[in-house]
Amino acid sequence: MGWFLTTGFGVYGWNQPWSGNVRSDVGRPDLFVDTATSLERAGFDYLMFEDSSVLPDVFRGSFESSVRGGQAVRFDPMPLMPLVAQATSRIGIVATAATTFYPPFLAARLYQTLDHLTDGRIGINLVTASPHAAAQNYGLEKHVEHDLRYEMADEWMQAVDALWGSWETGALQMDESTGVFADHTKIHHVDFEGRFYRTRGPLNTPPGPQGRPVICQAGGSPAGRNLGATHADTIISAVVGVDAMKAYRDDISERLLAVGRKPSDVKVLFLVAPILADTDAEAQEKRDRMRAAQAANIDGNLAAMSYFTSMDFSKFDLDAPLPDLSENNGHQSTMADFARSGKTLREIAANHRTIESIELCGTTETVAGQMAEAMEHAGGDGFLIASPVTRKNVAEIADGLAPVLRRKGLIRSGYDYAHFRDNLLAF
């Protein structure tokens, strides 16, 4: 089990019930620390913090949709990671880094440092980013083409892995009797030289507790799936329906075997956003209210779609079928799904939300049963909660749903290991 913080270290629930002291949560660690301690108590494997380097103005050429509700506001998640780790002892903490914008040496050293600061519980969520405006913030004229970004990301991981391996096992001695901190004969140049990246190495940072931080990746396109199969320890999927979930897990397993890895080497988690209440009927009413409010927010939904494709959807006819935009430079698999649906842009926008693999709605007992049934069919490993982080939502999952899942033997009752990767692969 994981929780996907879909707006990273951002502005969460400031205008929602149970938001607490609104101003005290903006740019402060408290909400995220509270969330981490609750989810650790619930037996979750990790929290994954999304991130972005752009304040979008694609929709209608304005920042209004980005800041009116605060959804696009982000703080850098990296300084938050040690604060979350200090309040917890076992749950994994995953921070997003865009491979296109982080030089390999900077990333390798940063995450190795974080692995030390978190006692071996840091993970890196690999993204290539998609908005042209984000690329322009880092000096590029426009973003790199979709598949080329993934080629670059693969080489980026090779360079980072080489840097993480620049200190051999046993290089760190810390021998007080001889005064030797590290054995220089076990530390080597990397001299990595690829098509896109060059780095000399070695790192001037000793290896972290995990040796290699946990690698998380989400990709629906063939290029994204190949990247995950080659490098990831956990992969996130947003395919829709139990049959698509099974097909995705089977496809990833085949790709893992093709690169010499075992299917059990990678945990595949599917996105969900459970809707919980005391009775099934109340949960369904709650779902219907949420869907109605979402459907009425056409502009907000179009703005979100504009962001992740870098296309201004205000320019399209709302009542015509959405054209095939799968060749956009952003989320290609998502756009291909929209085009195949045959729905008009208005219909798509009215139902646009964080993509959920399956609908989970009902009492904690009902939802736990739905999760068990879906996972048995799909053959995946677990679920990634994508609900907004409010104290109410966290309490419903951590103190309501999780205990039911645990009674059914579906989630862990404790952590057997000190480090993130070991716990992730153990259950």
Donor-acceptor contact present, side-chain [X] to main-chain [Y], <3.5 Å:
X: S66; Y: P56; answer: yes
X: Q210; Y: P213; answer: no
X: R74; Y: D51; answer: no
X: K286; Y: A277; answer: no
X: D280; Y: G362; answer: no
X: S166; Y: L203; answer: yes
X: N137; Y: S53; answer: yes
X: W164; Y: A159; answer: no
X: N393; Y: V389; answer: no
X: E40; Y: I91; answer: yes

Side-chain heavy-atom pair [X], [Y] within 4.5 angstrom cut-off:
X: P274; Y: S387; result: yes
X: D265; Y: D233; result: no
X: E356; Y: L271; result: no
X: F32; Y: L47; result: no
X: I122; Y: M81; result: yes
X: Q217; Y: I236; result: no
X: M245; Y: V268; result: no
X: V367; Y: L401; result: yes

Inset, instruction - List for me each residue that meets salt bridge (charged side-chain N to carboxylate O under 4.0 Å, His left out) alongside E365, sequence neighbours excluded, and say none if there are none. - result: K408

Inset, instruction - Please work out whether the ring planes of F270 and Y248 are parallel, tilted or perpendicular, with thresholds of 30° and 60°. - result: perpendicular

If you measure only the distance, is there a donor-acceptor pair under 3.5 Å linking the side chains of [X] and [Y]?
X: R90; Y: N423; answer: no
X: D319; Y: T344; answer: no
X: S38; Y: T35; answer: no
X: R249; Y: S253; answer: yes
X: N125; Y: T96; answer: yes
X: H419; Y: D119; answer: no
X: D154; Y: Q158; answer: yes

Inset, instruction - Determine the sole option in E359, E396, Q284, R287 for which the side chain to side chain contact (heavy atoms under 4.5 Å, CB included) test with I275 is passed. - result: R287

Inset, instruction - Could you list the residues that satisfy ring pair (Phe, Tyr, Trp, His ring centres under 6.0 Å) with Y150, not counting sequence neighbours? - result: H146

Inset, instruction - For L110, check side chain to side chain contact (heavy atoms under 4.5 Å, CB included) against everything at least two apart and list the hits. - result: M78, Y102, L114

How far apart are the closest heavy atoms of [X] and [Y], and which atoms are they?
X: W156; Y: A107; value: CZ2-CB, 3.3 Å
X: A368; Y: L410; value: O-CD1, 4.0 Å
X: P79; Y: D76; value: CD-O, 3.2 Å
X: A229; Y: R255; value: CB-CB, 3.6 Å
X: C216; Y: V94; value: CB-CG1, 4.0 Å
X: A374; Y: I358; value: CB-CD1, 3.5 Å

Legend entry - Salt-bridge present (R391, D34; N to O < 4.0 Å): yes

Inset, instruction - Taking only Lys NZ, Arg NE, NH1 and NH2, and the carboxylate oxygens of Asp or Glu, determine whether D45 and K267 approach each other closer than 4.0 Å. - result: no

Inset, instruction - Kindly state whether the ring of H143 and the ring of Y138 have centres lying under 6.0 angstrom apart. - result: no

Inset, instruction - Check whether the ring centres of F59 and F313 lie less than 6.0 Å apart, and answer yes or no. - result: no

Inset, instruction - Please report the C-alpha distance between T364 and T366 in whole Å, then the side-chain angles of each, then the deciding distance to 0.1 Å, and finally whether the side chain to side chain contact (heavy atoms under 4.5 Å, CB included) criterion is met. - result: CA-CA 5 Å; T364 54; T366 296; over 6 Å; no

Inset, instruction - Return yes when atom CD of E373 has more than 12 non-hydrogen atoms of other residues, nucleotides or ligands closer than 6.0 Å, and no otherwise. - result: no

Inset, instruction - Give a yes or no on this: more than 12 heavy atoms of other residues, nucleotides or ligands lie within 6.0 Å of atom CZ of R198. - result: no

To the nearest 0.5 Å, how far apart are [atom1] in [X] and [atom2] in [Y]?
X: M1; Y: I411; atom1: CE; atom2: CD1; value: 6.0 Å
X: C361; Y: E282; atom1: SG; atom2: CD; value: 11.0 Å
X: S357; Y: F383; atom1: OG; atom2: CZ; value: 7.5 Å
X: Y417; Y: L425; atom1: OH; atom2: CG; value: 9.5 Å
X: I215; Y: L227; atom1: CD1; atom2: CG; value: 9.5 Å
X: R41; Y: T88; atom1: CZ; atom2: OG1; value: 12.5 Å

Inset, instruction - Mind running salt bridge (charged side-chain N to carboxylate O under 4.0 Å, His left out) on R121 and D115 for me, showing each step along the way? - result: CA-CA 6 Å; R121 292 188 290 125; D115 202 40; over 6 Å; no

Inset, instruction - Tell me, with the steps shown, if M305 and L345 meet side chain to side chain contact (heavy atoms under 4.5 Å, CB included). - result: CA-CA 11 Å; M305 293 167 63; L345 180 56; 3.8 Å; yes

Legend entry - Candidate pair F44 and R412, rule side chain to side chain contact (heavy atoms under 4.5 Å, CB included), full reasoning: CA-CA 8 Å; F44 271 54; R412 69 175 73 250; over 6 Å; no

Inset, instruction - Apply salt bridge (charged side-chain N to carboxylate O under 4.0 Å, His left out) to D161 and R212, showing your working. - result: CA-CA 8 Å; D161 272 333; R212 181 183 193 255; 2.7 Å; yes

Inset, instruction - Begin with the C-alpha distance, continue with both residues' side-chain angles, and end with the deciding distance and a verdict on ring-ring contact (aromatic ring centres under 6.0 Å, His included) for F420 and Y46. - result: CA-CA 8 Å; F420 180 8; Y46 61 87; 5.8 Å; yes

Inset, instruction - Apply the test side chain to side chain contact (heavy atoms under 4.5 Å, CB included) to residues V214 and Y111: give CA-CA distance (whole Å), side-chain angles for both, the deciding distance (0.1 Å), then the verdict. - result: CA-CA 10 Å; V214 167; Y111 278 89; over 6 Å; no

